[in-house]
Amino acid sequence: MRIIKTKDYNDMSRKAANIISAQVILKPDCVLGLATGSTPVGTYKQLIEWYNKGDLDFSEVTSVNLDEYKGLDKDNDQSYWYFMHTNFFDHININSENVNLPNGMEPDSDKECARYDDIIRSVGGVDLQLLGLGHNGHIGFNEPAEEFKKGTHCVDLTQSTIEANARFFASMDDVPKQAYTMGIRTIMSAKKILVVVSGKDKAAIVKKAFTGPVTPHVPASLLQMHPDVTIVGDEAALSELDI
Ligand code: GLP
């Protein structure tokens, strides 16, 4: 596990974007596993800037996103489809046919999870998986549980996740209570994993996830077992680590 300490959020975003750029330059037809949340927004901004300068070409890239709220359609401004398009895809030359997210409007969970796992298999798995970190140690929407869920599944979001995400919705009642998420096996099968963390409020969970015991009660702790993980975090988020 490589840990890169950065000065602040902007520095974190630039360094994370550099790692993603290297992946796209070295393998133009790579599969990027992408994440939502506020942490990667600066990373996407930086990648857009470099794309506009002519330094990056996404025309052959395929993306598979981690998760989507169940019950929100693509046009809902809180859907992850909307987030990814407004924050990233609409500003680069990725082929829309190569963009993949779980379909939040599919009511049949078994059907949707099987469809999404088939897509991930058919593109040959993920080359580089970008991850944020939830305050309770969730990755994607893999919430703390008694066991690791392997494939794409439908989750009941925990109260703490609903509360954390309520800031994006008009009220707590508007936050969806379920989501589709890539499973832990899929995330762990990515060739490389890049975790971005920022802010003092993430310091305790960063310490617990990356130096504590590996347990499904802290899903991100399993990343300790992956052979190629890079954590890029600002000083505040890494402040409880002995580095
Ligand atoms: C959501 C997303 C996660 C993300 C997490 C942290 O729950 N499903 O993929 O990592 O929020 O978000 P933030 O980066 O805003 O702290």
Side-chain angles (χ1 to χ4, degrees), residues 9-10 12-13 16-17 20 32-52 56 58 61-109 111-113 115-116 119-120 129-136 138-143 152-182 187 194-199 201-202:
Y9 179 79
N10 286 339
M12 179 207 74
S13 301
I20 297 171
L32 297 180
L34 297 176
T36 55
S38 46
T39 316
V41 170
T43 305
Y44 294 141
K45 265 205 187 111
Q46 184 62 79
L47 289 169
I48 293 166
E49 203 181 307
W50 289 334
Y51 165 73
N52 285 332
L56 286 173
F58 293 91
V61 168
T62 294
S63 70
V64 282
N65 252 82
L66 279 170
D67 46 15
E68 178 60 283
Y69 287 116
K70 189 171 180 182
L72 296 193
D73 67 29
K74 294 175 178 176
D75 296 331
N76 187 306
D77 63 4
Q78 293 310 327
S79 73
Y80 285 168
W81 173 277
Y82 189 94
F83 174 100
M84 286 308 301
H85 283 78
T86 51
N87 283 292
F88 195 34
F89 299 146
D90 287 350
H91 309 283
I92 59 170
N93 65 337
I94 194 164
N95 181 340
S96 59
E97 285 174 11
N98 295 339
V99 163
N100 300 287
L101 283 95
N103 174 11
M105 292 309 284
E106 174 54 64
D108 182 338
S109 299
K111 188 173 159 198
E112 180 53 17
C113 296
R115 183 194 73 89
Y116 205 59
I119 288 177
I120 297 166
Q129 178 66 56
L130 175 64
L131 293 175
L133 179 66
H135 288 102
N136 60 4
H138 73 234
I139 43 178
F141 268 134
N142 287 275
E143 294 280 34
T152 302
H153 55 285
C154 178
V155 279
D156 293 326
L157 301 177
T158 62
Q159 192 55 29
S160 87
T161 300
I162 291 169
E163 282 164 18
N165 289 338
R167 67 190 194 275
F168 301 114
F169 292 83
S171 79
M172 191 95 85
D173 289 342
D174 292 328
V175 187
K177 308 293 178 284
Q178 287 189 313
Y180 289 126
T181 183
M182 240 186 223
I187 294 173
L194 170 62
V195 187
V196 285
V197 280
S198 169
D201 57 314
K202 293 282 170 76

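Keep in mind it's a predicted model, so treat the numbers as computed, not measured.
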Any side-chain heavy atom of Ile92 within less than 4.5 Å of one from Leu47? no
Can you check side chain to side chain contact (heavy atoms under 4.5 Å, CB included) on Arg167 and Ser38, steps first, answer last? CA-CA 11 Å; Arg167 67 190 194 275; Ser38 46; 3.1 Å; yes
Would you compute the distance between atom NE2 of His153 and atom OG1 of Thr181 and round it to the nearest 0.5 angstrom? 5.5 Å
Minimum side-chain heavy-atom gap Tyr80-Leu72 below 4.5 Å: no
State whether a side-chain donor-acceptor pair under 3.5 Å links Asn76 with Tyr69. no
Show, in sequence, the C-alpha distance, side-chain angles and deciding distance for Leu101 and Tyr180, and conclude whether the side chain to side chain contact (heavy atoms under 4.5 Å, CB included) test is met. CA-CA 9 Å; Leu101 283 95; Tyr180 289 126; over 6 Å; no
Closest approach of Phe169 to Asn165 (non-hydrogen atoms, all atoms of both residues): CD1-O, 3.3 Å
Has the side chain of Tyr44 got a donor or acceptor atom that lies under 3.5 Å from a matching backbone atom of Phe89? no
Quick one, Leu130 and Val196 - any side-chain contact, counting heavy atoms below 4.5 Å? yes
CG of Leu157 to CG of Asn136: how many Å apart, nearest 0.5 Å? 10.0 Å
Would you say Lys177 has more than 12 foreign heavy atoms packed within less than 6.0 Å of its NZ? yes
If you measure only the distance, is there a donor-acceptor pair under 3.5 Å linking the side chains of Glu68 and Asn103? no
Side-chain donor or acceptor of Glu143 paired with backbone N/O of Thr158 under 3.5 Å: yes
Does the pair Ile187 and Leu66 meet the rule for a side chain to side chain contact (heavy atoms under 4.5 Å, CB included), with working shown? CA-CA 9 Å; Ile187 294 173; Leu66 279 170; 3.9 Å; yes
What heavy-atom pair brings Leu34 and Gln129 nearest, and what distance separates the two atoms? N-NE2, 3.8 Å
To check you understand the geometry: which heavy-atom pair defines the closest contact between Val99 and His85, and what is its length? CG1-CE1, 4.1 Å
Can you see which heavy atom on Ala35 is nearest to which on Pro40, and at what distance? O-CG, 3.8 Å
Gln159, CD: over 12 other non-hydrogen atoms inside 6.0 angstrom: yes
Can you give me the closest heavy-atom contact between His135 and Ala164, atom names plus distance? ND1-CB, 4.4 Å
Would Val197 and Thr39 count as a side chain to side chain contact (heavy atoms under 4.5 Å, CB included) here? Give the steps. CA-CA 7 Å; Val197 280; Thr39 316; 5.6 Å; no
Can Thr161 and His138 be counted as having a side-chain donor-acceptor contact under 3.5 angstrom? yes
Once you round to the nearest 0.5 Å, how far does CD of Gln178 lie from CZ of Phe141? 11.5 Å
Rounded to the nearest 0.5 Å, what separates atom NZ in Lys70 from atom CG in Asp156? 9.5 Å
Closer than 3.5 angstrom, by distance alone: can the side chain of Gln78 be matched with the main-chain N or O of Phe168 as a donor-acceptor pair? yes
Over all atoms of both residues, closest heavy-atom pair of Ser13 and Gln46: O-CB, 4.5 Å
Determine yes or no for a side-chain-to-main-chain donor-acceptor pair under 3.5 angstrom, with Asp73 supplying the side chain and Gly104 the backbone. no
Quick one: are the ring centres of Phe88 and Phe58 less than 6.0 Å apart? yes
Drop me the distance from Asn98's CG to Leu32's CG, to the nearest 0.5 angstrom. 11.0 Å
Taken to the nearest 0.5 Å, the spacing of Tyr9 OH from Thr43 OG1 works out to 6.0 Å
